[in-house]
Amino acid sequence: MIANCAHKKALQNTDMKNRLLAAAGVALVGTACLVSCKDKHENPFLSDYTTQYEIPPFEQIDYADYLPALDAGIAQKNSEIEAIVANPEEATFANTIMPLERSGKILDKVATVFFALDESNSSPEMVEIAEEFYPKYSQFSDEITMNDGLFARIKHVYDTREEAGLAPDQKRAVEEYYKQFTRNGALLDADKKNQLKEVNTELTNLYLTFNKNLLNATNAFEIVVEDSTRLAGLPQSSIDQAADEAKTRNLGEGKWVFTLHAPSRLPLLQFADDRDLRREMYQGYTSLASDGEYNNLPVINKILQARARKAQLLGYENFGAYMTENVMAKNVKNAEDLLMQIWAPAVNRVKEEVAEMQALADEEGAAIKIEPWDYYYYAEKVRKKKYDLDESEVRQYFAVDSVRNGIFSMAERLYGVKFTEMPDAPKYYDEVTVYDVTDAKTGEHVAVFMTDYFPRASKRQGAWMSEFKGSWENEDGTSSRPIIYNVGNFSRPTADAPALLTLDEVETMFHEFGHGLHGMLSRARLKSQAGTNVDRDFVELPSQIHEHWALEPELLRTYAKHWKTGEVIPDELIEKLEASATHNQGFTTAELAGAALLDLQFGKLNPEGDIDVAAFEANVANELGMPAELTFRYRPAYFKHVFGSDGYASGYYTYLWAEVLDTDGFELFKEKGIFDPETAKKFKENVLEKGGSEDPMELYVKFRGQEPTVDALLRNRGLKPVPKVNLGSKSGK
């Protein structure tokens, strides 16, 4: 689902600080050399990669390489910035912005690798490195954006931009650099700059603590089942995975272990007949990192206080105002107005859904009142009764390799790109698969694409996209092509079956691949504008619009094949999927919109001391009229989007904001044909290729021909229409 995406590349845009903070996590590098191996070892970050397409040589990277490379990268970039500042000529785009764009090669190399691997394969060594790496990187980011000499040159280019004859993308770059620097303290006096540096360092360390607590709390939780009768109702694939997990933990035969990772947690909540087992899982998840050794609530208080001080230093009413000013929404109220138009219809639908579930439970003689831990379970029962649709049956047609064929087929038919596996390419983990992406007609290299799809204890939850290398136009006019990757936590294969994906996991694969296409197909000239370097509330458009293809019959019939028989998914099953497309959308929409509204309320706080985080959350739920049968998609202690970095803080609403765009945009594809060449060309040229080189709403209108309203979103989710909201980026209304 969209809300599980912690989209990493988008967080590494023109704000250098967010490039750091959004990428926080933990990892292991390769399998070869885990400590400094030989006296002859050379730090691979300090020289040009000799691998094909400059893929990082993961097998050559030691733990001992990171911090020296970080120091060398900082020194290199400092020298490059000093040269820009020392230039006696009048500041221009060519002698100030472009050298800044091209600076920091070593720093980019070590940072992209460390940030990426740091989330996907934890180890004690990497945790220790991270505690020094992140603060040092953050402090250096502060030094750049608070460099008076550099800012003076950027300001001069900014002040003279109208008469300088700049191209539109160049002018936008100047404006974005100026905004980035001023939003990070360039206009503050020396004392306030020092205060801001202290706050930023404090926040960096707090995010590290939050993420460490969350990972440890997630891995510490387990449900051990010793009575096989308690497994009644669960798909065999889930039972097999639980048995494998028990063996991995050396618990032996006849035991089953369930964890909080989605492929384990969600099937249990959805299918387990044992209500106590469902309740134990639900309560374990919703109390995650909320007490004990890994309690994140005190950390959240410190984050809220530090953010309030930061906003005050920079002249904003609160942190929410600071975060929303820089995106399409422009302010918190506009984001809230959009969400409330979705919230009320969603809650009304929840009431209808609960009534249906309660009626079914009564009919079965369950003698219960529907509780939150019953929602998934009875929603699945209602779906099966109303539509004769059994997700366990559906999964047989969605083996992970089949779905991967589906996303590649979609990309080739829409955008003319082909994916060819590179079995000998470097990879950071043995389960990673690497592809050469080429133009299907000419064979020209377009990008490198990597996938890492299965959960492990060392990988944080969720799914995301990022890059090991961005794209840009070289001085000679050639294009430097990107290295993009997708990470997921999908259902693992078992001894008897391949990885069979749930419908939610299928949509997630298409979602993250949409982000990947945004990075892979970029043709923006400047690195700071390439791919997903766009406004936060625009970045989810390419990901979410591509979810729509996942269950379109025209594509389904090409990739959804039974893993045993090879049978193409039958029309009867496709019809059931279409009929049930809006099933349970009240729940899905309300928990997502509720979490987004909760996030915005946290952003409006200016606490000087500790608050009762749980009480604040409960009060927001009460004011919203949150149905008793559900809760927020993420509760504060594990709301990583909001408290694990600055990334989506006061910005979780952007998933629904972007859904207004993606549902409106996909209606054009439906009208013209989902593989209509002209429509696909307009989307590719105006959205995927442009990145952040133009105003996002202007790009959308060039593709769609009109600005969107919430109507298409409501239609797509089967909710009743509400008055229109204009999302124009200029007016912000």
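This one's a predicted model, so the numbers in the text were calculated from it and none came from an experiment.
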Can you spot which of W657, F632, F639 makes a ring pair (Phe, Tyr, Trp, His ring centres under 6.0 Å) with Y652?
F639
Looking at F666, F669, Y415, which one forms a ring pair (Phe, Tyr, Trp, His ring centres under 6.0 Å) with H546?
Y415
T532 versus H515, closest heavy-atom pair with distance
CG2-O, 4.1 Å
Value for CG (N486) from NE2 (H511), rounded to nearest 0.5 Å, stands at 9.5 Å
From CG (L517) to CZ (F510), nearest 0.5 Å:
10.5 Å
So that I can tick it off, tell me whether D571 and R557 are bridged by a salt bridge, with the cut-off set at under 4.0 angstrom between side-chain N and carboxylate O.
yes
Using modelled atom types and a 3.5 Å cut-off, is there a donor and acceptor pairing between side-chain atoms of [X] and backbone atoms of [Y]?
| X | Y | result |
| --- | --- | --- |
| N584 | A379 | no |
| K576 | D388 | yes |
| T438 | A440 | no |
| R279 | W373 | no |
| H562 | K564 | yes |

Where does the angle between the aromatic ring planes of H641 and Y634 fall among parallel (under 30°), tilted (30 to 60°) and perpendicular (over 60°)?
tilted
Parallel, tilted or perpendicular, as decided by the 30° and 60° cut-offs, for the rings of F419 and F449
perpendicular
Quick check on the 6.0 Å ring-centre criterion: do Y376 and F587 meet it?
yes
Any chance CD of E421 has more than 12 other-residue heavy atoms, nucleotides or ligands included, within less than 6.0 Å?
yes
